[in-house]
> 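First the structure, which I've put down as structure tokens, then a few questions once you've had a look.
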Amino acid sequence: ISHLILLGTPERQPLTDEFVTGSAVASSVYQQLGRSAEGLLQESLSARNPNFTVLIITGNSEAGFDLAANAVYNNLPLVVDAGSIAVVSNGLPPRVIYREAPAATVAP
């Protein structure tokens with residue numbers, strides 16, 4: 001469950017850039033997106049309040065954002081593991097390229 005959904009490219013939604021660059025992994029992934037239109041889907045803890053999660057739907061261009069938004073609309077659920085990052089390319093289903101390690105559990 002996401003407490004906040006950020007939609008748009010960083011140019012149109014400045015919070016997207018703040019939340020993506022707040023994560024070293026996501027920032028690295030975003031910088032490596034290809035020159036062709038690609039979308040980015042990420043669910044992570046909020047950079048402002050770690051008690052909340054954020055679903056980021058963005059892209060390296062308007063066309064990339066459209067791919068990501070359409071992927072969410074047409075392919076729910078996208079991922080089953082919180083903290084995953086998926087990339088969306090034209091003509092391909094979303095592909096998970098990063099899975100966050102499960103949190104360690106401590107016995108009572």
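Just so it is clear, the values below take in all heavy atoms, side chains as well, and ignore hydrogens, waters and symmetry mates.
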> Could you pull out the closest heavy-atom pair between Leu41 and Ala71, with the gap in Å?
CD1-CB, 4.4 Å
> So does Asn70 have more than 12 non-hydrogen atoms from other groups sitting under 6.0 Å from CG?
yes
> Would you say Leu40 and Ile56 make side-chain contact, with heavy atoms under 4.5 Å?
no
> So, the side chain of Ser61 versus the backbone of Gly64: is there a donor-acceptor pair under 3.5 Å, distance only?
yes
> Just by distance, do the side chain of Asn60 and the backbone of Glu38 share a donor-acceptor pair under 3.5 Å?
yes
> Can you run down the salt bridge (Lys or Arg N to Asp or Glu O under 4.0 Å) pairs that involve residues 53-68, sequence neighbours left out, and say none if there aren't any?
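Listed by first then second residue: Arg12-Glu62.
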> Are the side chains of Leu55 and Leu6 in contact, using a 4.5 Å heavy-atom criterion?
no
> Residues in side-chain contact (heavy atoms from CB on, under 4.5 Å) with Asn49, at least two apart?
Ser46, Asn51, Phe52
> Please name all residues satisfying side-chain contact (heavy atoms from CB on, under 4.5 Å) with Leu7, sequence neighbours left out, ordered by chain then number.
Ile5, Ile57, Phe65
